[in-house]
2 protein chains.
Amino acid sequence: MAKTPAPARKGRGRPQNGAPDLSKAQIVATALRLIDEKGLEAFSIRSVARALGCYPTAIYWYTPSRHVLIAEIITVVLRDVLPDAGLDWQDWLRALFTRYRAAIARHPNAAPLIGVTLVSNASVDVDLVEAVLAKLHDAGFRGASLINAYNAVIGAMVGFTTQEFAMLPPDAESLREDLAGFPDRIDANRHPLLAQLSGQMIGAAFILRWQNGATQPMTGAFAMYVEAFVTGLDRLPREGGAASS
Amino acid sequence: MAKTPAPARKGRGRPQNGAPDLSKAQIVATALRLIDEKGLEAFSIRSVARALGCYPTAIYWYTPSRHVLIAEIITVVLRDVLPDAGLDWQDWLRALFTRYRAAIARHPNAAPLIGVTLVSNASVDVDLVEAVLAKLHDAGFRGASLINAYNAVIGAMVGFTTQEFAMLPPDAESLREDLAGFPDRIDANRHPLLAQLSGQMIGAAFILRWQNGATQPMTGAFAMYVEAFVTGLDRLPREGGAASS
DNA sequence: CGGTCTGTTGTGCGGTGTACAATAAGCCCG
DNA sequence: CGGGCTTATTGTACACCGCACAACAGACCG
């Protein structure tokens, strides 16, 4: 509430209670709350410190850098994406993709963090890796094909949803106005399908939208994407194949 | 070369030749060159100005904001992704994905810009939209299914490659060291497949890598991903389906 | 020849991540 | 019980960022 540091307790030094004022969990939770409520741009070390009523440098006692803090936010967001292990491999993949999307939908403003920072960093979720490998092994994938399938699955899981919830430029309003007049500018001879479908696509389709999945979800497209990928995977050869690098 | 503004010409006012010193194309090209050569983090309005030997605010004469400049960089990177229109719809989609990936591979450090900023903004590439719609119409998709398929295709095109070329944290070295000792920490009882495959996966697979597609391309995984998606798309119902929103 | 347009130089503000010093309270050990 | 070590924080400082805005000089046009 106060202007800049807003210290609940004044003066330097260790707090008097014996217990710390801050904690890593509290910092991560506050950061995520800021992202959820005010958008990704409102998140910074300093804004988290402001919200917690401490100096920015106090944050650094619990986390070594902005990047690591982001990594910790990601692991919180991606909690509980693993589906029930009892499912058939195809249903399991469908559930995995859906649960991943649901996790992002719960914190849409955090989506770019994951897409940009690579799924990796920080704590490797070994259970996720093993589970994907296990289900693909169930499906019959072996050797280099198994690893390629693993990468294809992770890429597919993260890829679509990251796009769906991608951040928009801050001048979304001008983008909207731009697209409002767009149908009139289409040359029906050169772009007949676009001319015919623009009414349904403006504001709802990639490249022609000004809002992201938080307000304009692409549920139908996502379902089709998952279905195409999973059923397509079933029709692929499952052995051999070159390694990636 | 000079310290801060490094003006080739001194003093204020309009240049004497009659021709401007700068141009939008030059600014975009310089920005992209900086990104390619020194990484995305080295790109800023101020760094571009430094490279051009002008004041940062001179950049604003040609572009209204950082976001718009980024949008212009994106359109340059994504030039020439459209494949030959004569191809069969499935081959055309394969070619589209491959050409998109090749474009990103030419400027890997720019990958996060596209993934984050949404494919949209700035100049809508109507030819791309129309071409995708046309090929999916060729495939028999109609109505809501056509639009869903369009979104699935764009999401698939951008999604995987964005992940493959996602930026890594600046402390990649410590990540590498961390992952070097990773195989020894795997409990072979709890994670048997990971224990067996970690040797092939460390450094080359999502979540277990410390480099991105610029140095560790996932060619095999990408091929499998494309193949699964395209052949899967062929087996989907092509009419009806609910709209997304 | 005066005014307006153009394309710069320059100044300034509020923001950022984070390195580093200062400091005070709790804790442990002799 | 007292001195030093550890802990958790306040403060200061620096180099960077995007960008708003003023100043201004040359070109161009009536």
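Residue numbers begin at 1 in each chain, while the letters A, B, ... track the order of the sequences.
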Undergrad: Please determine whether a side-chain nitrogen or oxygen atom of A:Trp61 lies at a distance below 4.0 Å from atom OP1 or OP2 of D:dA8.
TA: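 For D:dA8, OP1 or OP2 has a side-chain N or O of A:Trp61 closer than 4.0 Å.
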Undergrad: Give every residue pair that meets the salt bridge (Lys or Arg N to Asp or Glu O under 4.0 Å) criterion with at least one member in residues 96-106 of chain A, sequence neighbours excluded.
TA: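 Qualifying pairs, neighbours excluded: A:Arg101-A:Glu164.
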Undergrad: In whole angstrom, what separates B:Leu52's CG from C:dG7's P?
TA: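 In whole Å, C:dG7 P and B:Leu52 CG are 16 Å from each other.
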Undergrad: Under a 3.5 Å distance rule, please check whether A:Tyr150 uses its side chain to pair with a backbone N or O of A:Val132 as donor and acceptor.
TA: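 Checked: no pair found.
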Undergrad: Of all residues at least two apart in sequence or in a different chain, which pass the side-chain contact (heavy atoms from CB on, under 4.5 Å) check with A:Thr98?
TA: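 For A:Thr98, the residues satisfying side-chain contact (heavy atoms from CB on, under 4.5 Å) (neighbours in sequence not counted) are A:Phe222.
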Undergrad: Using the test salt bridge (Lys or Arg N to Asp or Glu O under 4.0 Å), find all partners of A:Asp127 that sit at least two apart in sequence or belong to another chain.
TA: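 Testing A:Asp127 for salt bridge (Lys or Arg N to Asp or Glu O under 4.0 Å), a comparison that skips the adjacent residues, returns B:Arg190.
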Undergrad: Of the non-hydrogen atoms in B:Ala110 and B:Ile35, which two are nearest, and what is the gap between them?
TA: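 Nearest pair, atom of B:Ala110 first, then B:Ile35: N-CG2, 3.9 Å.
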Undergrad: Between the protein and nucleotides 16-19 of chain D, which nitrogen or oxygen pairs are less than 3.5 angstrom apart?
TA:
| from | atom 1 | to | atom 2 | distance (Å) |
| --- | --- | --- | --- | --- |
| D:dC17 | OP1 | B:Ser44 | OG | 2.6 |
| D:dC17 | OP1 | B:Arg50 | NH2 | 3.3 |
| D:dC17 | OP2 | B:Arg50 | NH2 | 3.1 |
| D:dG18 | OP1 | B:Ile45 | N | 2.9 |
| D:dG18 | OP1 | B:Arg66 | NE | 3.1 |
| D:dG18 | OP2 | B:Ile45 | N | 3.1 |
| D:dG18 | OP2 | B:Arg46 | N | 3.2 |
| D:dG18 | N7 | B:Arg46 | NH1 | 2.3 |
| D:dG18 | O6 | B:Arg46 | NH1 | 2.9 |
| D:dC19 | OP2 | B:Tyr60 | OH | 3.0 |
| D:dC19 | OP2 | B:Arg66 | N | 2.7 |

Undergrad: Give me the bend of the helix from C:dC1-D:dG30 to C:dG30-D:dC1, using the axes of the five pairs at each end, rounded to 10°.
TA: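 If I round to tens, the end axes sit 10° apart.
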Undergrad: Which pairs pass salt bridge (Lys or Arg N to Asp or Glu O under 4.0 Å) with one or both residues in residues 30-44 of chain A, sequence neighbours excluded?
TA: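 Listed by first then second residue: A:Arg33-A:Glu37.
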Undergrad: Rounding to an integer number of Å, can you tell me how far B:Leu22 CG sits from C:dT9 C1'?
TA: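 Nearest whole value for this atom pair: 12 Å.
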Undergrad: For the pair A:Tyr225 and B:Phe229, name the ring-plane relationship: parallel under 30°, tilted 30 to 60°, perpendicular over 60°.
TA: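 A:Tyr225 vs B:Phe229 ring planes: tilted.
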Undergrad: Looking only at heavy atoms, what is the nearest atom pair of A:Ile73 and A:Ala31, with distance?
TA: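 Between these two residues, the closest heavy atoms are CD1-CB, 3.7 Å.
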Undergrad: Please determine whether a side-chain nitrogen or oxygen atom of B:Tyr55 lies at a distance below 4.0 Å from atom OP1 or OP2 of C:dT8.
TA: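 No, no such contact exists.
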Undergrad: Could you tell me how far apart B:Tyr62 (OH) and C:dT6 (P) are, to the nearest whole angstrom?
TA: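 Interatomic distance, OH of B:Tyr62 to P of C:dT6: 11 Å.
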